[in-house]
Structures are given as structure tokens and as C-alpha cells.
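Here is the structure we will look at.
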Amino acid sequence: KGRGRALFVVWCDSAQILAPSSAHCRDAITRFPMRSSAALRHLQVFAGKWLTTGQQHEGAVGPAAKITAVETYEWLAGERFLVHRFEGLVGDKPAVFLEMIGYDTAAEDYPVHTYYNSGLTNEWRLHERDGAWLFTGKWDIQDKSTDVRCTLVFSEDADAMAGKWEYSSDGKAWTTFWDVDARKVRQ
């Protein structure tokens, strides 16, 4: 008697929830999960497992080589980030990376943070424009920071995507170094 009970405050999106204990907070979070924004829902087209094949063209990025990979895109709990895993081969060399894709409301685009099996990291920007998706960023190619872009186009039924990776040393003339096609695995 006479003892007050503390109330914990939990924010889920813009809804404030009062709970009498931390256990109730966990329950409130479970019952009222965060929802992704409309902009993040555009990324749903990527969600799933993809079988990727393609060609690396001989040039500054490396020798001509066949590309094979399995790619998965899945939502992190809360649907604020899309996690992309790429596991494959370029020729006979492993190509593995993990990406976290979010949404930047100020820039109105999607920051992409990439972690490669070589220990390198990179930051990209992803933009949706006129039915295509464009990754832009920089890579060190032959010890020089170089503009790189990838244009991804989905089929009408969104079961296939074609990607063209290019680099440019001057931002005007672009050279293709990867052409890839991916097919979604229906389960």
C-alpha cells in the first residue's frame, strides 16, 4: 500500500505505449512491431532468394570470368533494414559480402553499407528512378578511387532482374565490367 508503480514508456512508430513493467514493455514491442515506411516497402521487390549468373569482362577490374552466386534479401526484424547476402564465385575466386540497406529521409534514397569477405567495406547509395534501381559509389580500381554504378532492371513479374556494373574515371565515359542476370527462387 502506498507504493506507486513505475510505468515504462515504449515508442513504436509514433504510438506511445505505457506499460507497468519491463516484461510488459517486451510484450508491447511484440504486439506492436515497428512498421516500415512506404519508401522502405519499395525494397520488397528485392526480398527473397535469387540465383545469379553473369560475366565479368576483361579490364581494369580483372580478367574475363564467369559469375555465379546465390543472393538473399531479407528484412531485419522491424522492417527498417533489408539484409542482402551475396555468396558466389567470380571465376574460381570466392565473392562474398553482406549489405545493410536502409532509407535516408533527408536524401530520399537508400544508403547501403557493404562488408566484403576480404575485410574491406564500402558505402553506396541506391536510388529508384523510372522503373530501374541505380547503385552509385566509389571503388578503388588499380589503386585509384573510381566512380562505380550498377543499374538493376526487374522483369514485369519481378521474378528476374538484370544488372549492369560500370566504372568511370571521369564521370562521363562508362565501361561495363559485369553483366549479371538473377532469377528469383519461388518456394
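What you see is a predicted model, and the numbers here were worked out from it, not measured in a lab.
The ring-ring contact (aromatic ring centres under 6.0 Å, His included) test applied to Phe135 returns no partner, not counting sequence neighbours. Evaluation of the salt bridge (charged side-chain N to carboxylate O under 4.0 Å, His left out) rule for Asp159 yields Arg186 as partners, not counting sequence neighbours. Every residue two or more places apart in sequence or in another chain that forms a side chain to side chain contact (heavy atoms under 4.5 Å, CB included) with Tyr167 is listed here: Ala60, Val61, Ile141, Thr146, Val148, Thr175, Phe177. Residues passing the ring-ring contact (aromatic ring centres under 6.0 Å, His included) test with Tyr115, sequence neighbours excluded: none. Applying the side chain to side chain contact (heavy atoms under 4.5 Å, CB included) criterion to Ala39, with sequence neighbours excluded, gives Ser37, Tyr103, Tyr110. For Phe46, the ring-ring contact (aromatic ring centres under 6.0 Å, His included) criterion is met by Tyr73, Trp133, Phe154, not counting sequence neighbours. For Asp104, the salt bridge (charged side-chain N to carboxylate O under 4.0 Å, His left out) partners at least two apart in sequence or on another chain are Arg125. For Asp170, the side chain to side chain contact (heavy atoms under 4.5 Å, CB included) partners are Ser168, Lys172, Ala173, not counting sequence neighbours.
Trp124 and Thr114 share a donor-acceptor pair across their side chains, judged by distance under 3.5 Å alone.
Taking the side chain as every heavy atom from C-beta outward, Met100 and Val83 approach each other to under 4.5 Å. Counting heavy atoms from C-beta outward, Val180 and Thr53 have side chains that stay 4.5 Å or more apart. Residues His127 and Thr136 meet the side-chain proximity criterion, which asks for heavy atoms closer than 4.5 Å. Counting heavy atoms from C-beta outward, Asn122 and Trp139 have side chains that approach closer than 4.5 Å. Residues Glu71 and His84 form a side-chain contact, since some pair of their non-hydrogen atoms from C-beta on lies under 4.5 Å apart. Side-chain contact between Lys184 and Leu51: absent, with no pair of heavy atoms (C-beta onward) separated by less than 4.5 Å. In this structure, Val112 and Glu123 have side chains that are not in contact, with every pair of non-hydrogen atoms separated by 4.5 Å or more.
Here the closest heavy-atom approach between residue Leu152 and residue Gly163 is recorded as CD2-CA, 3.5 Å. Of all non-hydrogen atoms in Gly102 and Leu40, the two that sit nearest each other are C-CD2, 3.9 Å. Closest approach of Trp178 and Thr176 over heavy atoms only: O-CG2, 3.6 Å. Nearest heavy-atom pair, Leu126 versus Asp109, reported as atom, atom and distance to 0.1 Å: O-CB, 3.4 Å. Taking each heavy atom of Phe86 and Ala69 in turn, the nearest pair found is CZ-CB, 3.4 Å. Of all heavy-atom pairs spanning Ala65 and Gly91, the tightest one is CB-N, 3.6 Å.
Under the 4.5 Å side-chain heavy-atom criterion for ILVMFWY residues, a single connected hydrophobic cluster contains both Leu82 and Val45.
Listed by first and then second residue, the salt bridge (Lys or Arg N to Asp or Glu O under 4.0 Å) pairs involving residues 142-153 are Lys138-Asp147, Arg149-Glu166 (not counting sequence neighbours). The salt bridge (Lys or Arg N to Asp or Glu O under 4.0 Å) analysis of residues 83-103, with sequence neighbours excluded, yields no pairs.
For the atom pair Thr121 OG1 and Tyr116 OH, the distance stands at 8.5 Å (nearest 0.5 Å).
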* Given the rule in the side chain to side chain contact (heavy atoms under 4.5 Å, CB included) test, do Met161 and Trp50 qualify, once you have shown the distances and angles that lead to the verdict? -> CA-CA 9 Å; Met161 65 175 151; Trp50 298 81; 3.7 Å; yes
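Grouped with Trp174 in a hydrophobic cluster is no other residue, since no side-chain heavy-atom contact under 4.5 Å to another Ile, Leu, Val, Met, Phe, Trp or Tyr is found. Leu89 shares a hydrophobic cluster with no other residue; no ILVMFWY side chain has heavy atoms under 4.5 Å from its own.
A donor-acceptor pair is defined here as one N or O able to donate and one able to accept, closer than 3.5 Å; such a pair exists between the side chain of Gln56 and the backbone of Pro63.
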